[in-house]
There are 2 protein chains.
Amino acid sequence: MSTTNHQKVYYSVLEEIRNYIDHHRLVSGDKLPSERELAETLYASRSSVREALRAMELLGLIQTRHGEGTFLSNYQSYESVELLASFILREKHTRQELATVKLLLEKEATKLAIHFAENGDFMKLKTIMHTANSGENEKHMAFFQYIFDMTNNLLIKKIWLIIVSFTQTLHDLYYEQTFYKDVITALQEKDSPKIEQLFFEQLINR
Amino acid sequence: MSTTNHQKVYYSVLEEIRNYIDHHRLVSGDKLPSERELAETLYASRSSVREALRAMELLGLIQTRHGEGTFLSNYQSYESVELLASFILREKHTRQELATVKLLLEKEATKLAIHFAENGDFMKLKTIMHTANSGENEKHMAFFQYIFDMTNNLLIKKIWLIIVSFTQTLHDLYYEQTFYKDVITALQEKDSPKIEQLFFEQLINR
DNA sequence: ACTGAATAAGTGGTCAGACCACTATGGAGT
DNA sequence: ACTCCATAGTGGTCTGACCACTTATTCAGT
């Protein structure tokens with residue numbers, strides 16, 4: 001019944017580090033105190049401090065450089081998403097589920113890209129699809145990598161990359177040859193329903 | 001443990017643990033080997049094993065009980081999410097990305113659900129939204145949880161759950177009151193473009 | 001034979017200290 | 001002014017110890 005509020009040390013360390021970041025107005029790239037200094041300041045052992053820092057590192061919140069120090073990550077890398085995914089995707093998800101999510105992400109990204117696409121982009125996409133010395137899977141990857149970059153949404157791209165990496169081991173990634181050309185056209189005409197239709201055709205073609 | 005390839009020990013440990021879970025077909029609630037046993041098996045120190053376990057714990061992948069052991073979790077534990085979110089959501093850009101992906105997933109799930117919806121489902125959804133003694137966020141969760149279950153796609157649901165758990169700590173999840181009613185109607189009429197339109201209105205309303 | 005309390009064994013939680021590997025720095029020698 | 005390298009500072013890892021908590025075992029009292 002005793003509600004012992006025994007918080008683990010590494011957890012308090014995490015909170016303290018967050019407070020430190022806030023209080024010192026640290027931004028990406030700034031250096032954190034050394035492990036030994038943190039340990040002394042927070043009255044914790046270096047092991048406990050490291051447990052907290054390693055967790056943060058794995059989540060992509062910080063970046064450690066051997067011999068240099070610990071730094072706030074320069075960009076939001078969504079490392080935690082990858083780690084989570086590697087555990088979630090280990091389960092018995094069917095090929096069907098993976099393929100569906102992959103297609104949905106590609107479709108939505110394309111529709112998002114409508115709002116950002118400029119003239120040069122269409123040319124670039126066409127060039128990608130006409131690169132001679134690359135396989136269909138490589139073209140597909142390059143094509144949508146470009147699309148996802150256009151969306152300015154790193155998170156959705158990250159999720160897609162993970163899904164794709166799992167899909168790739170099962171079967172091919174790519175759609176029909178004419179599909180990509182049609183997508184570029186629809187993108188150019190900012191025709192969202194057309195994109196919806198194009199992907200839907202691929203969905204039922206499987 | 002071998003330090004070849006500059007791979008940090010705690011990271012190898014993490015991969016090994018994932019392999020162990022995979023190989024032994026562990027499911028939620030199952031017990032992992034003790035820290036000492038893992039250290040011995042993986043030729044790593046207990047400190048390194050703990051660094052890996054703490055990171056997994058922070059992500060809600062495992063649950064440790066003092067004196068008992070370490071157990072595989074169903075990663076529904078929202079315990080550390082708030083702390084995690086306080087780190088991850090520091091940048092406005094990140095919040096935007098999360099909100100967009102959340103909306104896209106909900107939209108696509110709803111459209112997928114069209115193909116599975118039966119008469120009883122609409123009634124059930126209406127009931128959820130008319131439950132008196134529950135907040136708007138709870139209604140929203142229950143509503144879409146039901147939608148996602150209809151899609152028979154566990155993967156997309158899990159992705160959504162993770163996204164939502166982070167979003168929730170920051171601001172409200174839900175849309176306008178009339179929105180849900182309109183969605184049910186569109187679902188009933190299998191009107192995919194209407195669903196598209198409804199969500200799009202919410203997107204620009206932010 | 002049964003019950004219950006004391007004990008032991010196993011587990012996570014934490015700490016201190018040691019050593020290694022790597023990086024940046026600054027001073028000695030040119 | 002330049003180069004070189006010893007050195008200090010940093011993260012990376014390991015060992016061993018002790019504490020706190022939970023469960024299993026033992027054993028005394030009935």
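Letters go in sequence order (proteins before strands), and every chain restarts at 1.
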Fill in: Given DNA chain C, 5'-ward residue of the pair A:Arg46 and A:Glu68, judged by closest heavy atom
A:Arg46

Quick one: [X] [atom1] to [N] [atom2], roughly how many Å, whole number?
{"X": "A:Lys31", "N": "D:dG9", "atom1": "NZ", "atom2": "P", "value": "12 Å"}
{"X": "A:Gln63", "N": "D:dT10", "atom1": "CD", "atom2": "P", "value": "18 Å"}
{"X": "A:Glu51", "N": "D:dG12", "atom1": "CD", "atom2": "C1'", "value": "14 Å"}
{"X": "B:Glu35", "N": "D:dC18", "atom1": "CD", "atom2": "P", "value": "19 Å"}

Worksheet item: Looking across every strand, which nucleic acid part, if any, lies under 4.0 Å from B:Ser47 by heavy atom: base, sugar-phosphate, or nothing?
Response: base

Worksheet item: Contact class for A:Ser34 vs. all strands (heavy atom < 4.0 Å): base, sugar-phosphate, or nothing?
Response: sugar-phosphate

Discussion item. List the residues meeting salt bridge (Lys or Arg N to Asp or Glu O under 4.0 Å) with A:Asp149, not counting sequence neighbours, and say none if there are none.
Written reply: A:Lys157

Worksheet item: What pairs with B:Lys107 under salt bridge (Lys or Arg N to Asp or Glu O under 4.0 Å), at least two apart in sequence or on another chain?
Response: A:Glu108, B:Glu196

List, one per line, each side-chain donor-acceptor pair under 3.5 Å for residues 115-129 of chain A, sequence neighbours excluded.
residue  : atom : partner  : partner atom : Å
A:Asp121 : OD1  : A:Tyr146 : OH           : 2.6
A:Asp121 : OD2  : A:Glu118 : N            : 2.8
A:Thr127 : OG1  : A:Met123 : O            : 2.8

Worksheet item: Does the side chain of B:Arg18 come under 3.5 Å of the side chain of A:Ser86 through a donor N or O and an acceptor N or O?
Response: yes

Worksheet item: If you measure only the distance, is there a donor-acceptor pair under 3.5 Å linking the side chains of B:Glu136 and B:His140?
Response: no

Practice prompt. Give me the bend of the helix from C:dA1-D:dT30 to C:dT30-D:dA1, using the axes of the five pairs at each end, rounded to 10°.
Written response: 30°

Worksheet entry | Residue mapping more 5' on DNA chain D - nearest nucleotide basis, B:Arg36 or B:Gly67 | B:Arg36

Practice prompt. For DNA chain C, note the earliest and the latest nucleotide, 5' to 3', having some atom under 4.0 Å of a heavy atom belonging to chain A.
Written response: C:dG13 to C:dA24

Worksheet, complete the sentence: Of all heavy-atom pairs linking A:Ser73 and A:Gly60, the shortest is OG-O, 2.9 Å

Item to complete: Identify, with sequence neighbours excluded, every residue that meets side-chain contact (heavy atoms from CB on, under 4.5 Å) alongside A:Ser165.
Response: none

Practice prompt. Verify the contact: side-chain N or O of A:Thr64 to OP1 or OP2 of D:dG12, cut-off strictly under 4.0 Å; return yes or no.
Written response: yes

Practice prompt. Assess whether salt bridge (charged side-chain N to carboxylate O under 4.0 Å, His left out) is satisfied between B:Glu51 and B:Lys8, documenting all intermediate values.
Written response: CA-CA 11 Å; B:Glu51 289 181 6; B:Lys8 291 179 188 172; over 6 Å; no

Discussion item. Under the criterion of centre distance below 5.5 Å and interplanar angle below 30°, is A:His66 classified as stacked on the base of D:dG12?
Written reply: no

Worksheet item: Taking NZ, NE, NH1 and NH2 as the nitrogens, is one of them in B:Lys102 or B:Glu106 under 4.0 Å from a carboxylate oxygen of the other?
Response: yes

